[in-house]
Amino acid sequence: GENVEQHPSTLSVQEGDSAVIKCTYSDSASNYFPWYKQELGKRPQLIIDIRSNVGEKKDQRIAVTLNKTAKHFSLHITETQPEDSAVYFCAAIPDTGGFKTIFGAGTRLFVKA
Amino acid sequence: DTGVSQDPRHKITKRGQNVTFRCDPISEHNRLYWYRQTLGQGPEFLTYFQNEAQLEKSRLLSDRFSAERPKGSFSTLEIQRTEQGDSAMYLCASSLSGGNQPQHFGDGTRLSIL
């Protein structure tokens with residue numbers, strides 16, 4: 001079935017460093033790729049998304065890249081801050097009637113001050 | 001508008017009981033999604049509504065699970081004859097329609113089966 005693999009499962013960086021999280025998807029019909037940030041006990045919050053007709057998208061310190069040929073996409077956070085500490089989830093969604101969203105297992109990011 | 005709201009926030013029940021959760025989406029959103037999330041995992045897709053029509057159901061959704069959205073506004077998710085393995089966070093999300101749209105999540109209902 002459809003699957004999204006996310007790596008690493010845990011990532012620890014020093015404040016000010018960059019963090020990179022990578023995802024690989026299996027469903028070639030996927031064409032929308034959102035990223036969510038979830039703090040402990042809170043709802044997932046959309047932080048950035050990318051569609052299949054775009055290779056890269058940037059929003060301040062956050063950027064996402066997409067390689068449709070290789071079926072992988074990545075989240076890049078630059079100049080990390082302690083408040084970036086959270087669990088990050090990638091997702092892949094096909095543009096078909098069901099919009100069945102497949103999430104990765106998550107990456108727990110720790111930013112050390 | 002305060003976003004997607006879910007009720008109750010927590011539900012503790014004994015194995016074998018039935019439970020029902022409610023989700024109120026963002027008012028202009030006509031798509032509604034239910035997910036289940038267990039500790040250390042990403043949300044797992046359960047089902048999706050476009051207005052009142054249930055258009056997609058995951059194989060995870062056994063016969064004990066049923067979801068409704070009778071008037072295309074709020075939705076309910078019922079679990080009958082609950083089992084230990086049903087313990088999880090049940091998340092609801094909503095979005096606009098028209099191709100893929102960002103989904104906005106509620107705070108979820110945490111279900112604990114004793």
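Order of the sequence lines fixes the chain letters, A, B, ..., with proteins taken first and strands second; residue numbering starts at 1 for each chain.
- The list of side chain to side chain donor-acceptor pair (under 3.5 Å) pairs with a residue in residues 39-51 of chain A, not counting sequence neighbours, reads A/Tyr32-A/Asp49, A/Arg43-B/Asp107, A/Asp49-A/Lys57.
- When heavy atoms are compared at a cutoff of 4.5 Å, B/Arg31 approaches chain A solely by way of its side chain, counted from C-beta outward.
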Ignoring hydrogens and angles, write down the donor-acceptor pairs under 3.5 Å from the side chains of residues 106-113 of chain A, residues two or more places apart or on other chains.
residue  : atom : partner : partner atom : Å
A/Thr107 : OG1  : A/Gln6  : NE2          : 3.1
A/Thr107 : OG1  : A/Pro8  : O            : 2.5

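- A donor and an acceptor atom, one from each side chain of B/Tyr35 and B/Gln103, are located under 3.5 Å apart.
- By the rule that hydrophobic residues join a cluster once side-chain heavy atoms approach within less than 4.5 Å of another member, A/Phe89 and A/Ile50 end up as members of separate clusters.
- Classified by interplanar angle (parallel below 30°, tilted 30° to 60°, perpendicular above 60°), the ring pair A/Trp35/A/Phe73 is perpendicular.
- Comparing B/Gly108, B/Gly106, B/Ser58, B/Pro43 by how many heavy-atom pairs each has under 4.5 Å with chain A, the most go to B/Pro43.
- Residue contact with chain B, scored on non-hydrogen atoms closer than 4.5 Å, involves the backbone and the side chain of A/Ile93 alike.
- The residue among B/Arg110, B/Lys57, B/Gln37 with the most heavy atom pairs within less than 4.5 Å of chain A is B/Gln37.
- Of the residues considered (B/Ala93, B/Gly42, B/Gly40), B/Gly42 shows the highest number of contacts with chain A, using heavy-atom pairs under 4.5 Å.
- Proximity to chain B (any heavy atom under 4.5 Å) is shown, for A/Pro44, by both the backbone and the side chain.
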